[in-house]
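For clarity, every value in this text was computed on a predicted model and none was experimentally measured. Nothing fancy with the numbering, it's 1 onward along the sequence. Both counts, for ligands and for their atoms, begin at 1 and track the order of listing.
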Amino acid sequence: MQQYYSPDKGFSKEPESYWIASTDTTNYPALEEDITVDVAIVGGGITGITTGCLLKRAGLKVAIMEADRIARGTSGHTTAKITSQHGLIYDKIATQIGMKKAKRYAQSNEKAIKLIASIIEKINIDCDFKWQDAYVYTQSDDYIEKIKKEVGIAQCLGIKASYTTDLPLPFPIKAAIRFEKQAKFHPRKYLLKVAQYIDGDGSYIFENTNVVGIEREKQCSVVAENGKRITASKIIIASLFPFSNFRGLYFSRMFQERSYIVAIKAKSKFPEGMYINAEKPTRSMRSHPFGDGEILLVAGEHHKTGRGKDENVHYKNLIDFADKNFGIEGILCRWSAQDCTTPDSIPYIGNITPNYPDIYVATGFKKWGMTTGAVSAMILRDLIVKGNNSWAEVYDPSRFIETGSILTFIKQNLDVAMNFVSGKFPTGSPAGKIEKGEGKIVNVAGQKIGAYRDEKGKLHLIDTTCTHMGCELKWNDAEKTWDCPCHGSRFSPTGEVIDSPAFEPLDKIEIDN
Ligand code: FES
């Protein structure tokens, strides 16, 4: 079992997700020969795995391809709240898309909670699933009316929501909204068992299988890096970010954010329920069983990828919040996550573009992917098996997006242009001493170069020009990655792609050292 360390020792351990550290590593094979299935799914997170499960139950043969190991990406770094409560969203989307469609959003997410519960029951999965109420609270007078309004709208949409000013938290609140019968679980205990259910009888899970392209002739094929391919009638792109070699320009219709989580042993017992505040900075809390007791997960501090100043400060802010309000006896671990957000805060689920009726996408979950991943699975299953789904119009990737949302989004994307331009000036530090484990941008003869020294002392130099559209990357000291401030791609210290939309690794600069 993992051990706590003292908060006095600072961050003595590298970031590591509790969900990953507390479960076995999977060992599915890579794709080594051409095969044919009914549906090929790119991405082995909650969306790909849940969709694979529903399609297999519908009698189809599926193959899931994951570039890394399954359930280690965003699904392995979540807070794992299974809720139809996505912050204060219902008043916003009811204004944008009308009550009728907002009701479908609410219904689909409520149904997603029940779907996960039913899969757990049917496959008999021990994954610490627990029904709990979920709360959005505020400590600010400015949000009291917003919360009251959200309660009224949520009730009209059929959600069991209520208003309260009394929560069992150790700090005062002004108002809160309660959603009844939401849930939480251990996401990898759940997903690894569902993956076992999928694998076999003509269906497959492939790991370490990096998909580099999709070809469309008589049938579609998904092509892996080693040239092997899976031919299928339908293809689902369920990776965090859709492929950049297909139309749809998703990089210009979403932004990516990072958020942070710390897992601590609190001095006092955490109350029943899951909590998130309405104002900034975000503070999201839930407990989870650990040994004879529990750990408290505190999450928040989100920012656009590549725009954090010093990523370690975000962890420290969460630790300070937890210590002030709950008292810290020990820190178990800390980790961060990445997710995409759309202009109207509603995911893109459906055909990637109207021109590609056999290719589907699910993305833009805004950090609520446990339920919206399951919503995606139900919609995509129905679109593939029946040809329609009553919620699909709400999530259609080609939907009209209301002007207010677009204007906000354009303003946010002006930052992209600024980052593109400002990143091109050679302001890196002069090349100097770089410690083991350290990365920085150095200035060599007027050129910016990314330098990283690994734990064995070898210096790795890379071109810090993002291979997606040429923005300048920034070093993320907490995660030891190169992050792109434009559309959120991330690269390992030595330049391999971690998060898309970038597809190609960074150019390496070879020197003798
Ligand atoms: Fe688009 Fe880097 S992710 S330029």
Side-chain angles (χ1 to χ4, degrees), residues 42-43 67-68 73-74 77 210-213 237 239-259 302-309 311 336-343 348 352-353 361 363-367 397 406 409-428 439-441 447-452 460-509:
V42 182
D68 181 23
T74 304
H77 291 81
N210 191 23
V211 172
V212 294
I237 300 174
S239 50
L240 174 67
F241 211 99
F243 283 89
S244 54
N245 65 341
F246 262 83
R247 292 178 195 193
L249 299 176
Y250 281 84
F251 67 84
S252 66
R253 301 202 282 137
M254 294 194 294
F255 60 87
Q256 300 203 70
E257 288 186 321
R258 298 201 67 68
S259 51
H302 65 272
H303 63 82
K304 279 194 171 179
T305 303
R307 313 275 182 95
K309 290 192 174 70
E311 282 73 11
S336 65
Q338 173 133 329
D339 208 359
C340 307
T341 298
T342 65
Y348 295 133
I352 191 160
T353 78
V361 70
T363 186
F365 295 162
K366 203 184 174 215
K367 300 184 273 296
I406 288 286
F409 198 70
I410 287 170
K411 268 191 224 151
Q412 284 168 338
N413 274 296
L414 283 177
D415 299 0
V416 172
M418 287 300 295
N419 272 291
F420 184 84
V421 175
S422 65
K424 294 297 170 193
F425 292 107
T427 53
K440 62 166 76 159
I441 293 181
Q447 292 297 311
K448 276 177 160 185
I449 289 177
Y452 167 74
H460 302 265
L461 298 179
I462 47 100
D463 181 348
T464 51
T465 307
C466 179
T467 54
H468 175 231
M469 289 181 72
C471 283
E472 281 296 315
L473 303 174
K474 294 193 174 156
W475 176 249
N476 176 338
D477 196 40
E479 313 298 327
K480 311 287 182 223
T481 54
W482 296 104
D483 295 355
C484 181
C486 287
H487 310 111
S489 291
R490 295 174 64 237
F491 301 84
S492 73
T494 52
E496 288 73 31
V497 177
I498 297 174
D499 285 314
S500 294
F503 210 58
E504 303 287 339
L506 300 175
D507 284 341
K508 292 186 197 305
I509 298 169

Is the charged tip of K304 near the ring of F255: under 6.0 Å from the six-membered ring centre and within 45° of its axis? yes
Protein N/O/S neighbour count - atom 2 (Fe) of ligand 1, strictly under 2.8 Å: 2
Listed pairs under 3.5 Å, donor-acceptor, residues 501-508 side chains, sequence neighbours left out:
residue: K508; atom: NZ; partner: T494; partner atom: O; Å: 2.6
residue: K508; atom: NZ; partner: E496; partner atom: OE2; Å: 3.1

When rounded to the nearest 0.5 angstrom, what distance separates CZ in R253 from OH in Y348? 4.5 Å
Does any donor atom in the side chain of S336 or E311 lie under 3.5 Å from an acceptor atom in the other side chain? no
Where A337 and H77 come nearest, the two heavy atoms and their spacing: CB-O, 3.3 Å
Taking C-beta and beyond as the side chain, do F491 and C466 meet within less than 4.5 Å on heavy atoms? yes
